[in-house]
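Naming: A, B, ... by sequence-line order, numbering from 1 per chain.
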Amino acid sequence: MLDPVLLRTRLDEVRTRLGTRGNGFGGDLDRLVELDVERRAILPVLETARHARKDVGERIARARRAGESADDLVKAGQEHAAAIKEQETKLESVEAERSAWALKLPNLPHESVPVGSSEADNVEVRAHGERPGFEFEPRPHWEIGPALGILDFERAAKLAGARFAVLTGAGARLARALINFMLDLHTSEHGYTEVEPPFLASSEALTGTGNLPKFEADLFKIAGQWDLYLIPTAEVPLCNLHRDEILDGRTLPVWYVAYTPCFRSEAGSYGKDVRGLIRQHQFDKVELVAYATPETSWDVHEALTRHAEEVLKRLGLPYRTMLLCTGDMGFAASKTYDLEVWLPSYGAYREISSCSNTEAFQARRGGIRFRRDGRGKPEHAHTLNGSGVAVGRALVAILENYQQRDGSVLIPDVLRPYMQGREIIEPAAPQAKR
RNA sequence: GGAGGGAUGGCCGAGCGGUCGAAGGCGGCGGUCUUGAAAACCGUUAGCGGGGAAACUCGCUCCUGGGUUCGAAUCCCAGUCCCUCCGCCA
């Protein structure tokens, strides 16, 4: 949600800055402002009427105590009550429409974000690592994995359909190794507090992060009389941890890390990344979330991005850090860095992490505030999130970047302690074939 | 799944439908006393939104949302969450 004061006082600037966003905001800004004006016109009238009612009520009480008749006063009270009802009804409908619009407005891009219309306008900030030079034709992970007997799409289809995968043996172990490696790195070296949240979230929680009301189609909703959805990312539970709370500013920033599975309907992505693990309905992710004061949030953003990068560095995966342009940013983000890992099968870098500062956008929706020095007026906190990193895509990157001519895959050094010292994944002895 | 009990300020806890935004206690803050501290005593202490330079003032807020009423912390309905017992269960 945008700052309503900004909308009131600097409408043209807001309009211009929102206009640089990709899919636009699809809302009528003028209507929103109009509704805000209407709302603020109704309020004084309503409050005056309420005051009058209260006053009459007190006089009735006094009259009754004195044993006098209060019939006239009761009559006046009835009139006030009717007037209040009328104003309340008006306010309710105006407010309903106003907040519906307000919740669909995306965040304002930060000044440092390059204006652009698509990912082609994103800016490379830095790159790290050497792309592997193969002396053979590298294969894509959807061939490497099944050949090693650690990745199975066909059996997954029996269980749940397309866009699901089964990991077995060293594959499952590798995923678990990645999760543990990332959690260990972030908790013991980067100072994050580990969280294991629910994997389902309420509509209220999803509204706080900005997934609802606009992007319901991207979510899996639980059937029946449940107001619950499968989480599309641990950002949702982590950013709602302190919803409707007032934090002590002296404790900020606070850092959380969680491993969770993530669930996405991938509506509208038919024909995109249909092969392999890149785009699945369910995938594992280690997520980083921070709560910060407005003065520190940009430093925190840089730090959080570096924390995600550190994962790729230690895994020895070549990556680059991209500053997303206005047209390619997500709904809630004010500024986003994407980390892109090199995938030989695509001959390209693919997103493996996305690190955003939403400033007060989510905090305003979710009522996340803090008090400086634990005292004074509450202010909205800033929230930040980033993948640290996507497990499925990391696994893909390892299979493809560490593949050998004979089809085996080397295990990155940092993961070996998590793989019982194992250094390489080779085809398993033939097991029960289909 | 069944049967009960509960939700009030930072915390605990009282509250006949009528100056109740709410007794009392704890905690916090200020003070008296003291060389200093403790104890004791006195005073003070909810949040949010609007108006005002300020003193101050108006509205909302006793889990949430409806309802009854001139008037609701208090009565009615629905829901949420917590607790106890029974059943089931990793």
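More than 12 heavy atoms of other residues, nucleotides or ligands shown are found within 6.0 angstrom of NZ on K221(A).
Checking U44(B) for Watson-Crick or G-U wobble geometry (two distances, each under 3.5 Å) identifies G28(B) as its partner. The pairing partner recorded for C89(B) is none, the criterion being a Watson-Crick or G-U wobble arrangement whose two distances lie under 3.5 angstrom. Checking C16(B) for Watson-Crick or G-U wobble geometry (two distances, each under 3.5 Å) identifies no partner in any strand. The partner of G71(B) cannot be assigned: no Watson-Crick or G-U wobble pair with both contacts below 3.5 Å exists in any strand. For A37(B), there is no paired nucleotide, since no Watson-Crick or G-U wobble pair has both relevant distances below 3.5 Å. Base-pair partner of G65(B): C77(B) (Watson-Crick or G-U wobble, both distances under 3.5 Å).
U74(B) sits 12 Å from G18(B) when the C1' atoms are compared, rounded to a whole Å. For G21(B) and U45(B), the C1' atoms lie 14 Å apart once the distance is rounded to whole Å. For the C1' atom pair drawn from G10(B) and U64(B), the interatomic distance equals 22 Å after rounding to whole Å. Rounded to a whole angstrom, the distance from the P atom of A14(B) to that of U8(B) is 11 Å. Taking atom C1' in both G65(B) and C81(B), the straight-line distance is 15 Å, to the nearest Å. Annotation: C16(B) and C75(B) have their P atoms spaced 9 Å apart (nearest Å). Of the P atoms belonging to C62(B) and A72(B), the separation is 11 Å, rounded to the nearest Å. For the P atom pair drawn from G6(B) and G13(B), the interatomic distance equals 13 Å after rounding to whole Å.
If you take CD of E204(A) and P of C63(B), they are 17 Å apart, rounded to a whole angstrom. Atom C1' of nucleotide U57(B) and atom CG of D55(A) are separated by 15 Å, given to the nearest angstrom. For I84(A) and U69(B), the CD1 to P distance is 14 Å, given to the nearest whole Å. As a whole-Å value, the separation of I42(A) CD1 from C58(B) P is 23 Å. To the nearest angstrom, C1' of G49(B) lies 13 Å from CG of L91(A). If you take CD of E379(A) and P of G47(B), they are 16 Å apart, rounded to a whole angstrom. Taking atom CG of D248(A) as the reference point, atom P of G28(B) lies 17 Å away to the nearest angstrom. Rounded to whole angstrom, the span from the NZ atom of K75(A) across to the C1' atom of C70(B) amounts to 12 Å.
Heavy-atom distances to RNA chain B give each of R50(A) and L73(A) a nearest nucleotide, and the one nearer the 5′ end belongs to R50(A). When each of A81(A) and I246(A) is assigned the nucleotide of RNA chain B bearing its nearest heavy atom, the one mapping closer to the 5' terminus is I246(A).
Checked against a 6.0 Å centroid threshold, the rings of H301(A) and Y337(A) count as neighbours. Remark: aromatic rings of Y259(A) and H186(A) are distant, center separation not under 6.0 Å. Centroid-to-centroid, the aromatic rings of F263(A) and F283(A) stay 6.0 Å apart or farther. Taking the six-membered ring for Trp and the full ring otherwise, Y291(A) and H382(A) have centroids separated by 6.0 Å or more.
In summary, the side chains of S354(A) and D338(A) do present a donor paired with an acceptor at a separation below 3.5 Å, with no hydrogens or angles considered. One side chain, D227(A) or S203(A), offers a donor N or O that lies under 3.5 Å from an acceptor on the other. A side-chain donor-acceptor contact under 3.5 Å links E216(A) and Y229(A). There is a side-chain donor-acceptor pair under 3.5 Å between Y319(A) and E309(A). In this model, a donor atom of one side chain and an acceptor atom of the other lie less than 3.5 Å apart for S112(A) and K335(A).
You'll find that the side chain of Q78(A) is closest to C70(B), out of G49(B), C70(B), C48(B). Taking every side-chain heavy atom of R371(A) into account, C48(B) is the closest of C58(B), C70(B), C48(B).
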Identify the pairs formed between an N or O of the protein and an N or O of nucleotides 64-67 of chain B at a distance under 3.5 Å, and give each distance.
| unit_1 | atom_1 | unit_2 | atom_2 | d |
| --- | --- | --- | --- | --- |
| G67(B) | OP1 | K85(A) | NZ | 3.1 |

Between the protein and nucleotides 15-21 of chain B, which nitrogen or oxygen pairs are less than 3.5 angstrom apart?
| unit_1 | atom_1 | unit_2 | atom_2 | d |
| --- | --- | --- | --- | --- |
| G18(B) | O2' | R65(A) | NH1 | 3.4 |
| G18(B) | O6 | R64(A) | NH1 | 2.8 |
| G18(B) | N2 | G57(A) | O | 3.1 |

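Contact annotation: H51(A) side-chain N/O to C58(B) OP1/OP2 distance is not under 4.0 Å.
Residue R40(A) is out of contact with every strand shown, counting any heavy-atom pair closer than 4.0 Å.
In U61(B) the O4'-C1'-N dihedral to the base is within 90° of 0, which defines a syn nucleotide.
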Would you be so kind as to tabulate the donor-acceptor pairs closer than 3.5 Å made by side chains of residues 169-182 of chain A, with sequence neighbours excluded?
| unit_1 | atom_1 | unit_2 | atom_2 | d |
| --- | --- | --- | --- | --- |
| R173(A) | NE | Y418(A) | O | 3.2 |
| R173(A) | NH2 | Y418(A) | O | 3.2 |
| N180(A) | ND2 | R176(A) | O | 3.3 |

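Between Y192(A) and H307(A), the angle of the ring planes goes over 60°, which puts this pair in the perpendicular group of the 30/60° scheme.
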